[in-house]
Amino acid sequence: MRLSQYFLPTLKETPSEARIASHRLMLRAGLIRQSSAGVYSWLPLGLRVLKKIERITRQEQDALGCQEMLMPTIQPAALWRESGRYDAYGPEMLRITDRHGRDMLYGPTNEEQITEIFRETVRSYKDLPKLLYHIQWKFRDEVRPRFGVMRGREFLMKDAYSFDLDVQGARRSYNKMFVSYLRTFGRMGLKAIPMRAESGPIGGDMSHEFVILADTGESEVACHKDFVDMDWAAADIDYEDDLQPVIDRFTAKYAATDDERDPDIEKSLAADLVVGRGIEVGHIFYFGDKYSRAMGATVTGPDGEEIAVEMGSYGIGVSRLVGAVIEASHDDGGIIWPQPVAPFLVGLINLKPDDAACAAAGDGLYQKLRDRGIEVLYDDRVGRAGVKFAEMDLIGLPWQVVVGPRGLKTGAVELKNRRSGDKEELSIDRALAKLTES
RNA sequence: CGGAGCGUAGCGCAGUCUGGUAGCGCACUACACUGGGGGUGUAGGGGUCGUGGGUUCAAAUCCCGCCGCUCCGACCA
């Protein structure tokens, strides 16, 4: 993409309403624009990141055997009356009336909808287990939206639902999702610590929030300090193996969200305790037959009896993750994208595109990068070097390549790593080779 | 939902107290100089001062209503 043609409205100054780094940087780097409180438009650069995060999420869901579908944003109130949540949910649910006077709502989540689909279609225990997910926009009329996309009213969420015959099966599904979440966040360059969270109506230990430690997190969390240095690299995994050992390894040490903290344990941990603020990027939850029973989602069991299925739901805040990644990875100059979620891999800066030699070298390198399938944003604008450097740092692409008259005298370009700041002069071919490897 | 603010050019702000022809910086346009980390100069363009009403000879400024946004706290499957 040529920057001269790209829609990338960057801001030199920070809009006054943005208080935390990710919100400021998302506005300044031209990722989003606010529409109303907690509702945002995604501009081209921001949308590329959102799609990258969505893609990783999708790949990892598919990998564990969860199947993608798509449910609507607008749901009939009747479904929610069945589960009893139409009244229970309160003013956080956006309620709509259609032209016939029917009560509708903009979905804050989809348990009712998926349960209805399931009960209409699945009859036998032989059809279990089933794992289904979708990635869809949600709306929750938050009392106090804030921090940009971190707590928006409209947000993109991956929500998955599991259906099993019994509790053992539900645990298998839960474990698959647990492991897949470790991989998903790890691939995004995040350390998301699985923390024991508020249990569902069933109780037990089958509710975890995946939390990123950040000063700007919304709630206070606590964990063993070993989590901070734990290796988050996504190991290959066979989802049909017994996953419990993996789960045990990641739940052996203490880690708890605000509601679940235990003063006695924390006292015993002493210097090993880390208390900080956290951003919730995922939440997995087992809720048994709460919805299946209320809504009559049953299957015929092996002995011919009707059994209400065991369910769980599993959420990832896709749009929130864009903000969370920035909170976890930025500096004074701007965003530092982890490579897997970067909107482009390379920012190619042509310092003097109106000079014949620079134009030839810059355009040529741009074409060669594209030929190799490398995503590159090419700053081919005529303008000052300082502006180009500053904007490229702001939008935070992992690699910068600088083509300028000074280097070209010896046939060299400069390659800069955004994260480390390391720069090296090398030939165009060497730079090309290096970027192809990365 | 309690408490507190803010709304003036695309962005950041001053002007409001004490009413008298709407300003500054950045950005934008043109030209010149400049040219490897958000340059310099000259000349320009752009605002029904959130909105509706009231007071007044005169309202960004005073009064009342409404709308929008933000912050602190409570809340957050």
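All chains are named by letter (A, B, ...) in the order of the sequence lines, taking the proteins before the strands, and each is independently numbered beginning at 1. Predicted, not measured: the structure shown is a model, and the values here were computed from it.
Of the candidate nucleotides B/G38, B/G36, B/U70, B/G36 has the atom lying nearest to any side-chain atom of A/E414. Comparing atom distances between the A/R406 side chain and each of B/C76, B/G36, B/G37 picks out B/G36 as nearest. The side chain of A/H283 has B/A77 as its nearest neighbour among B/C72, B/G38, B/A77. With distances taken from any side-chain atom of A/R19 to the nucleotides B/C71, B/G25, B/G37, the minimum falls on B/C71. Side-chain proximity of A/V143 to B/A77, B/C1, B/G37: nearest is B/C1. Which of B/C71, B/C26, B/C69 sits closest to the side chain of A/F147 comes down to B/C71. Checking B/G39, B/C26, B/C69 against the side-chain heavy atoms of A/R384 singles out B/G39 as nearest. Residue A/Q34 places its side chain closer to B/U70 than to any other of B/C26, B/G36, B/U70. Looking at the side chain of A/R146, the nearest of the listed nucleotides B/A74, B/G37, B/C76 is B/A74.
For the OP1/OP2 pair of B/A77 and a distance below 4.0 Å, the side-chain nitrogens and oxygens of A/T109 include no atom meeting the criterion.
Pairing partner, B/U48: none, since no Watson-Crick or wobble contact has both distances short of 3.5 Å. The partner of B/U42 is B/A30, by the rule that a Watson-Crick or G-U pair needs both atom distances under 3.5 Å. B/G68 and B/C6 make up a base pair, with Watson-Crick or G-U wobble contacts both under 3.5 Å. In this entry B/C75 has no Watson-Crick or G-U wobble partner, no candidate having both defining distances under 3.5 Å. Nucleotide B/U56 is matched to nothing when pairs are restricted to Watson-Crick or G-U wobble geometry with both distances under 3.5 angstrom. Pairing of B/U21, defined by two Watson-Crick or G-U wobble distances under 3.5 Å, is not identified with any nucleotide. Checking B/U16 for Watson-Crick or G-U wobble geometry (two distances, each under 3.5 Å) identifies no partner in any strand.
A straight line from CZ of A/R153 to P of B/C76 spans 19 Å, rounded to a whole angstrom. A/E92 places its CD atom 9 Å from the C1' atom of B/A77, with the value rounded to the nearest Å. Between the CE atom of A/M150 and the P atom of B/C71 there is a distance of 13 Å, rounded to whole Å. The OH atom of A/Y314 sits 17 Å away from the P atom of B/A77 (whole-angstrom rounding). Note: CZ (A/R381) to P (B/A27) measures 13 Å, nearest angstrom. For the pair A/R144 CZ and B/G5 P, the interatomic distance rounds to 15 Å; values are reported in whole Å. Atoms CD (A/E17) and C1' (B/C6) sit 11 Å apart, rounded to a whole Å. Put simply, CZ on A/R277 is 12 Å from C1' on B/C72, counting in whole angstrom units.
Across all strands, A/G383 comes closer than 4.0 Å to base atoms (heavy-atom distances). Across all strands shown, A/A390 has heavy atoms under 4.0 Å from base atoms, whether or not it also approaches the sugar-phosphate. Among the heavy atoms of the strands lying under 4.0 Å from A/K416 is at least one base atom, whether or not backbone atoms are also near. Counting non-hydrogen atoms under 4.0 angstrom, A/G315 reaches nothing in the nucleic acid. When heavy atoms are screened at a 4.0 angstrom cut-off, A/P108 is found touching no nucleic acid atom at all. Contact annotation for A/M157: base contact, defined as any heavy-atom pair under 4.0 Å involving a base atom. Counting any heavy atom pair closer than 4.0 Å across all strands shown, A/S36 reaches sugar-phosphate atoms only and no base atom. Counting any heavy atom pair closer than 4.0 Å across all strands shown, A/S219 reaches no nucleic acid atom. Nucleic acid contact for A/E111: none, since no nucleic acid atom lies under 4.0 Å from a heavy atom of the residue.
Contact check on A/E375 versus A/K52 returns a salt bridge, with a Lys/Arg side-chain nitrogen under 4.0 Å from an Asp/Glu carboxylate oxygen. The pair A/E60-A/K158 does not count as a salt bridge, with every side-chain nitrogen at least 4.0 angstrom from each carboxylate oxygen. A salt bridge does not link A/E424 to A/R430: none of the charged side-chain nitrogens sits closer than 4.0 Å to a carboxylate oxygen.
The environment of NZ in A/K130 is crowded: more than 12 heavy-atom neighbours from other residues, nucleotides or ligands sit within 6.0 Å.
Rounded to whole Å, the C1' atom of B/U55 lies 13 Å from the corresponding atom of B/U61. Taking the C1' atom of each, B/G54 and B/U42 are spaced 47 Å apart, rounded to whole Å. B/A60 and B/U18 have their C1' atoms separated by 15 Å, with the value rounded to a whole Å. Atom name P, nucleotides B/U29 and B/G65: the rounded distance is 45 Å, in whole Å. B/G7 and B/G41: their C1' atoms are spaced 36 Å apart (whole Å). A distance of about 27 Å separates the C1' atoms of B/C66 and B/G10, rounded to the whole Å. Nucleotides B/G3 and B/A77 are separated by 25 Å at their P atoms, to the nearest Å. For the C1' atoms, the distance linking B/C62 with B/C17 amounts to 11 Å, nearest Å.
For the pair A/W399/A/N417, a side-chain contact is recorded, criterion being any heavy-atom separation below 4.5 Å from C-beta on. When side chains are defined from C-beta on, A/R261 counts as touching A/E266, because their heavy atoms get closer than 4.5 Å. A heavy-atom distance below 4.5 Å is not found between the side chains of A/V281 and A/V211.
Between A/F344 and A/Y6, the ring planes are perpendicular. Angles over 60° get that label, and only those under 30° would be called parallel.
Comparing A/L408 and A/G38 along RNA chain B, the residue whose closest nucleotide (by nearest heavy atom) sits nearer the 5' end is A/L408. Residue-to-nucleotide proximity on RNA chain B shows that, of A/P15 and A/F389, the 5′-proximal contact is made by A/P15.
Judged by distance alone, with hydrogens and angles left aside, A/R140 brings no side-chain donor or acceptor close enough to the base of B/C76 to form a pair under 3.5 Å.
The closest donor-acceptor contact from the side chain of A/R95 to the backbone of A/Y86 lies under 3.5 Å.
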